[in-house]
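Predicted, not measured: the structure shown is a model, and the values here were computed from it. A note on names: the letters A, B, ... follow the listed sequences, proteins ahead of strands, and every chain is numbered from 1.
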Amino acid sequence: MEQVWFTAASWIGVALMASLISIRTGISVALVEIFLGMIAGNFLGFHSAPWIDVLASFGSMMLTFLAGAEIDPASFRKHLKPSLVIGSVSFLFPFLGAWLFTYYVNGWDWQAAQIAGIALSTTSVAVVYAVMVETGLNETDVGKLILAACFVTDLGTVLALGVLFANFNRWMLVFVLATCLALWMLPRLSRWMFRTWGGRVSEPEVKFIFLVLCFLGALAVTANSEAVLPAYLFGLVVAGVLVQDKVLMRRMRTITFTLLTPFFFIKAGALISLPALAAGAALIALLLAVKIVSKVIGVWPLCRVFQMPLRESNYTTLLMSTGLTFGSISALYGLTRGIITQDQYSILVTVVIASAVVPTFIAQTWFEPQIVVPYEPEFYGTAEHLLHMPEEYQL
Amino acid sequence: MFQKILLAYDGSEGAEKALDAALELARVHQGKVWALAVEENLPHITATVGEFQESKEKANEKFGKLLHAARSRAEKAGVELKTLLRAGHPAKTIINVAREGEFDVILVGHSGLSGVWAAFLGTTAEKVSRHAPCSVLIVR
């Protein structure tokens, strides 16, 4: 038992250090956790344990749930057709591109190449959103369309992860039926649950969400699918309910970012092999190029078809080439299931991290559209300020 | 001459001095002051949107209070002061806003950076003065 607490103390110590570095430098805490995890894994002998695996898996499930719950249903409905088209292509092109490239050019086996395709197909909604806030693009129709399309891309990623490696047996049937039934009932059930039992010290609404996630996750894993699939779908269907309860969302984030995601990201980093990175540097650059080029081939023409101006089209395409959370989850899934080797995992995670940084840098440096943020904000200090900027003032 | 005055404001000692100078300038030229606060160092690469939103919310709260205090000071001085809050790179944002709003002058407080750091990093004031589309007054 003593050993568990020493291990816990060291992992939480790394998580704390990551938070402090993140605050000081402005670099994302997830990236710092991965980086420190890599140092700890390669030089300090950090390795996972069953209880760490549980926390890390729960962390990945919560991350996908929260990511799904961040969709704006009204905006998605409004931009349904273009977001479905752009989002699907944004998933499909890099998925096929990275899959075929790693299979035919690198000689990875079929399933390992599929993991590469899935890990590099993603778009980071969080990165896209954060970058767009600076230009005010998130407030415009174009921005909302891009965000809706990103959710479609991520849906493609979790569907591929949940379906490609699953067993199509009676357990899969049970999982599909139970998930469909749950997704149909959960919006109403959640609304009732939050309204009737919410706001208590014992946090029944949080436990309710955990229960649904764990139960559907258990069914998914039994069918040899992946627990993040129902988690993302659950997030999507209750987004409209959760958007009205910002306190609950904040509590969920607090729990997730304090106790769960540090274990996921530090574990993701600890499993990166530095010698593999050194040996695979050229492949990392090539795979990053494959991801960006395939996004450009797929997304850029569609942006033009949907009459986005040239600069915005370039910007959108680059932003949709970003990735982080879902890419890391996919790569870690491949490693823990024995589909990819540690060397392949190290390369994939590094490409995913590079895809969070490189396209963002290029987009902001050379393709940033003109600022469209309205003047004279009236409200300070609330989330509403971010989402509903007041009317523009005359200069 | 200086009817539209843009004040880069972050609540620092230099910015407070720049605010005083902006109010004085507005009085002399019967102009209007716009105080611009730029939220830098917001995390770009986050795991979820909510994580970014919370950071932004905290920055909004901090800068909102600062801008509110600046507006109160301007009211006491009898000068109209409007406020702007933007996220981004400070120098780039100040220059973009000055260009968009066709401001006559930008006031920036001196950061206090000196020696090696200033030479190595360059200050916001220095960058603004180099690329601004209008006059720039660096207040010490």
Side-chain angles (χ1 to χ4, degrees), chain A residues 22-31 33 59 62-63 66-67 69-71 124-131 133-136 147 246 249-250 252-253 256-257 261 264-265 322 324-325 328 353 356-357 360 364 368 370-371 373 375-383 385-387 389 393 395, chain B residues 3-6 11 31-71 80-90 92-104:
Chain A
S22 161
I23 292 163
R24 272 287 189 200
T25 58
I27 298 170
S28 146
V29 71
L31 282 188
E33 280 168 355
M62 283 303 296
L63 274 175
L66 289 172
E70 281 163 346
I71 196 171
S124 171
V125 182
V127 172
V128 172
Y129 181 82
V131 173
V133 163
E134 286 195 3
T135 54
L147 283 170
K246 294 204 182 301
M249 281 298 273
R250 183 172 279 210
M252 302 276 293
R253 272 201 298 276
T256 305
F257 290 117
T261 55
F264 170 74
F265 286 118
T322 57
L324 180 63
T325 308
S328 318
I353 292 168
V357 180
T360 312
Q364 283 188 301
E368 197 168 80
Q370 210 178 359
I371 290 179
V373 179
Y375 279 78
E376 187 86 13
E378 281 174 342
F379 307 110
Y380 297 119
T382 65
H385 170 235
L386 188 70
L387 298 169
M389 294 288 270
Y393 271 58
L395 276 171
Chain B
Q3 295 294 307
K4 288 188 72 177
I5 302 162
L6 180 63
K32 278 185 189 170
V33 181
W34 295 70
L36 166 67
V38 184
E39 298 166 334
E40 56 175 332
N41 289 336
L42 289 176
H44 272 140
I45 302 161
T46 55
T48 63
V49 172
E51 197 183 337
F52 174 82
Q53 282 179 333
E54 260 188 62
S55 304
K56 179 85 170 68
E57 230 173 273
K58 286 198 170 118
N60 286 351
E61 209 173 308
K62 176 189 159 190
F63 285 106
K65 279 179 190 163
L66 285 174
L67 288 173
H68 182 74
R71 190 154 27 193
E80 188 184 353
L81 183 138
K82 293 190 171 189
T83 55
L84 295 167
L85 187 56
R86 294 275 174 89
H89 183 275
K92 199 170 157 186
T93 309
I94 293 165
I95 291 160
N96 281 341
V97 168
R99 190 171 291 129
E100 276 170 62
E102 297 172 347
F103 282 90
D104 300 319

Portion of [X] that has a non-hydrogen atom of chain B nearer than 4.5 angstrom:
X: Ser124(A); answer: side chain
X: Thr325(A); answer: side chain
X: Val128(A); answer: neither

- Item | Charged N-O contact under 4.0 Å between Lys246(A) and Glu57(B) | no

- Task: Please determine, among Val49(B), Leu36(B), Thr46(B), the option with the most heavy-atom pairs under 4.5 Å with chain A.
- Result: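 The answer is Val49(B).
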
- Task: For each of Lys58(B), Glu40(B), Glu51(B), His89(B), tally heavy-atom pairs with chain A at distances under 4.5 Å, and name the one with the top tally.
- Result: Glu51(B)

Which atom pair, heavy atoms only, marks the closest approach of [X] to [Y]?
X: Ala87(B); Y: Val133(A); answer: CB-CG1, 4.4 Å
X: Ala30(A); Y: Ala47(B); answer: CB-CB, 4.4 Å
X: Lys92(B); Y: Gln364(A); answer: NZ-O, 3.2 Å

- Item | Side chain to side chain, Leu63(A) and Thr48(B), heavy atoms closer than 4.5 Å | yes

- Message: Which residue is it: Leu324(A), Ile353(A), Val29(A)? I am looking for the one with a side chain to side chain contact (heavy atoms under 4.5 Å, CB included) to Ile45(B).
- Response: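 So the option named by the test is Leu324(A).
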
- Output the option from Ala69(A), Ser22(A), Ala130(A) having the highest count of non-hydrogen pairs under 4.5 Å with chain B. Ala130(A)

